Trainee: 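I am attaching a structure below and will ask some questions about it afterwards.
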Amino acid sequence: GKDGYRHYMEKELHEHPVVIGQTLQRMIDPVTRQVVLPTLSFDLATLPRAVITACGSAFYAGLIGRYWLEAEARLPVDIDVASELRYRNPPLTEGGLGLLISQSGETADTLAALRGLRSAGQHVVSVLNVEASTMGRESDAVLGMVAGPEISVASTKAFTAQLAVLASLTIAIAQARGVLSPARQQHLTASLLDLPSRAAEVFVQGDAIRAMAAIIAEARDVLYLGRGICFPVALEGALKLKEISYIHAEAYAAGEMKHGPISLIDRTVPIVVIAPSNILFDKTLSNLQEARARGGRILVFTDAQGAARLKDLAEAIVVLPTVDAFVAPILYTIPVQILAYEVALLKGTDVDQPRNLAKSVTVE
Ligand code: F6R
């Protein structure tokens with residue numbers, strides 16, 4: 001049941017901290033603080049490259065995985081949505097990693113891409129919530145997210161669980177490749193293990209998120225902006241808003257604004273910005289100044305340091321706990337999904353069963 005929550009989506013949003021903790025418990029030995037993977041039939045140290053594929057939200061988790069694998073494990077990564085990858089026929093070196101991400105393990109395009117990667121000689125590893133699924137059976141290895149059943153059609157907790165798995169896998173691959181110092185390994189692991197507590201703190205920001213939701217609920221179009229590892233969080237925010245509130249939203253890498261979408265900006269198009277104070281913060285800030293100068297209404301997710309610098313520019317700010325840049329995309333996903341939920345409540349839509357959507361897309 002819904003345990004007293006109004007919707008399954010609300011219940012599942014509240015499960016983020018626990019689900020992140022459970023998934024990390026599965027991935028990281030509590031005593032040694034080393035990542036523990038199932039026995040693999042191949043060597044992580046010699047992987048030439050990885051291809052990541054998935055659909056929808058799971059694809060956005062994959063985009064974040066690409067940043068991690070490139071930056072921390074120095075592994076070359078190709079990524080595409082499964083509906084494209086399955087027909088692309090890219091040249092692949094035998095013995096690469098084929099990394100699939102799926103909550104259900106049954107998505108038709110992701111399954112077809114899995115079979116294509118397998119026949120191209122890739123080692124197929126699937127990040128799945130439903131491990132007893134078709135993808136589970138057809139993979140060389142399964143990395144389970146411990147998210148529990150996800151009933152709401154819009155994915156929430158599965159996304160952060162996917163990220164917890166991908167972050168842990170990144171640490172394991174980086175170590176196997178000999179590119180992660182023990183100090184960096186400990187730092188990354190500690191930042192992950194700290195996340196469940198930080199995630200729980202997000203929920204005290206309910207009023208600030210609802211203030212933002214009230215602005216968005218009046219809009220016809222919304223822009224979501226992020227840079228670097230937070231760009232996929234913007235994509236996830238825009239998708240979730242579209243799915244459950246039926247408001248048109250587009251996500252852009254903040255640096256792309258001046259290459260087109262800036263022409264859309266006026267008072268009627270709110271701009272939601274994912275901007276933790278990381279090394280790209282100043283770049284995002286200058287994009288926001290340009291947007292503000294054109295009348296844009298700026299709504300920001302940031303930390304205390306970022307909030308201090310944005311207070312004159314932003315019309316609404318949600319202040320999140322300060323976390324390491326490595327785990328920021330996991331933390332920031334939570335309020336961004338809550339925002340979509342709050343807007344849907346204001347719009348009075350059928351949150352758990354949005355029109356035209358199915359939980360599992362088993363046909364192409
Ligand atoms: C978004 C959403 C979808 C799924 C996509 C993939 O809220 O739920 O975009 O993420 O259909 O589904 P799985 O992960 O089951 O392969």
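Keep in mind it's a predicted model, so treat the numbers as computed, not measured. Counting starts at 1 for both ligands and their atoms, in listed order.
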Trainee: Answer with yes or no whether Val153 contacts ligand 1, where contact means a heavy atom under 4.0 Å from a ligand atom.
Mentor: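 Flag set, Val153 near ligand 1.
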Trainee: Just go through Ala82, Cys55, Gly56 and tell me whose heavy atom is the nearest to atom 6 (C) of ligand 1.
Mentor: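 Of the listed residues, Cys55 has the closest heavy atom.
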Trainee: What protein heavy atom lies closest to atom 11 (O) of ligand 1? Include the residue and the distance to one decimal.
Mentor: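 Protein heavy atom at minimum distance: Val361 CG2, 4.3 Å.
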Trainee: Which of the numbered atoms in ligand 1 are under 4.0 angstrom from any heavy atom belonging to Ser57?
Mentor: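 In order of number, 1 (C), 7 (O), 9 (O), 10 (O).
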Trainee: Are there over 12 heavy-atom neighbours, none belonging to Gln305, within less than 6.0 Å of that residue's CD?
Mentor: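 For Gln305, atom CD is not crowded (no more than 12 foreign heavy atoms under 6.0 Å).
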Trainee: So which protein heavy atom does atom 14 (O) of ligand 1 come closest to, and at what separation?
Mentor: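 The closest heavy atom on the protein side is Gln103 N, 2.6 Å.
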Trainee: For a side chain to side chain donor-acceptor pair (under 3.5 Å) check, start with the C-alpha distance between Asn129 and Gln103, then their side-chain angles and the critical distance, and finish with the verdict.
Mentor: CA-CA 5 Å; Asn129 194 26; Gln103 190 284 129; 2.9 Å; yes
Trainee: Could you find the nearest protein heavy atom to atom 12 (O) of ligand 1 and give me its residue, atom name and distance?
Mentor: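 Its nearest protein heavy-atom neighbour is Thr107 OG1, 3.5 Å.
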Trainee: Report yes or no: is the cationic atom of Arg355 (NZ for Lys, CZ for Arg) under 6.0 Å from the centre of the six-membered ring of Tyr246, at an angle within 45° of the ring normal?
Mentor: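 Output yes; distance and angle both within limits.
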Trainee: Is Ser155 close to ligand 1, meaning an N/O of one under 3.5 Å from an N/O of the other?
Mentor: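 Yes; the residue has a nitrogen or oxygen that sits under 3.5 Å from a nitrogen or oxygen of the ligand.
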Trainee: Do other residues, nucleotides or ligands put more than 12 heavy atoms under 6.0 Å from Arg88 CZ?
Mentor: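 Yes, the 6.0 Å shell around CZ holds more than 12 heavy atoms from other groups.
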Trainee: Could an N or O of ligand 1 be found under 3.5 Å from any N or O of Ala154, whether backbone or side chain?
Mentor: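 No; the residue has no nitrogen or oxygen that sits under 3.5 Å from a nitrogen or oxygen of the ligand.
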Trainee: Classify the ring geometry between His123 and Phe42 as parallel (under 30°), tilted (30 to 60°) or perpendicular (over 60°).
Mentor: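 His123 and Phe42: parallel rings.
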Trainee: Can you sort out which atoms of ligand 1 are near Lys240, meaning under 4.0 Å from one of its heavy atoms?
Mentor: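 Here the atoms of ligand 1 in question are 1 (C), 7 (O).
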Trainee: Please tell me whether Gln185 and Thr189 have a donor and an acceptor in their side chains that are separated by less than 3.5 angstrom.
Mentor: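 Yes, side-chain donor-acceptor contact under 3.5 Å.
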Trainee: Under 4.0 Å from any heavy atom of Ala58, which atoms of ligand 1 are there?
Mentor: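 Close to Ala58: 10 (O), 14 (O).
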Trainee: Tell me, yes or no, whether the heavy-atom count around Asp282 atom CG, taken from other residues, nucleotides or ligands under 6.0 Å, exceeds 12.
Mentor: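 Enclosed: over 12 neighbouring heavy atoms sit under 6.0 Å from CG of Asp282.
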Trainee: Starting from atom 15 (O) of ligand 1, what is the nearest protein heavy atom, named by residue and atom, and what distance separates them?
Mentor: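 Protein heavy atom at minimum distance: Ser104 OG, 2.7 Å.
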Trainee: Among all protein heavy atoms, pick the one closest to atom 7 (O) of ligand 1 and tell me residue, atom and distance.
Mentor: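 Checking every protein heavy atom, the shortest distance to atom 7 (O) of ligand 1 gives Glu243 OE1, 2.6 Å.
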Trainee: Tell me every residue that passes ring pair (Phe, Tyr, Trp, His ring centres under 6.0 Å) with His14, counting only those two or more places apart in sequence or in another chain.
Mentor: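 Ring pair (Phe, Tyr, Trp, His ring centres under 6.0 Å) list for His14, sorted by chain: Tyr5, Phe203.
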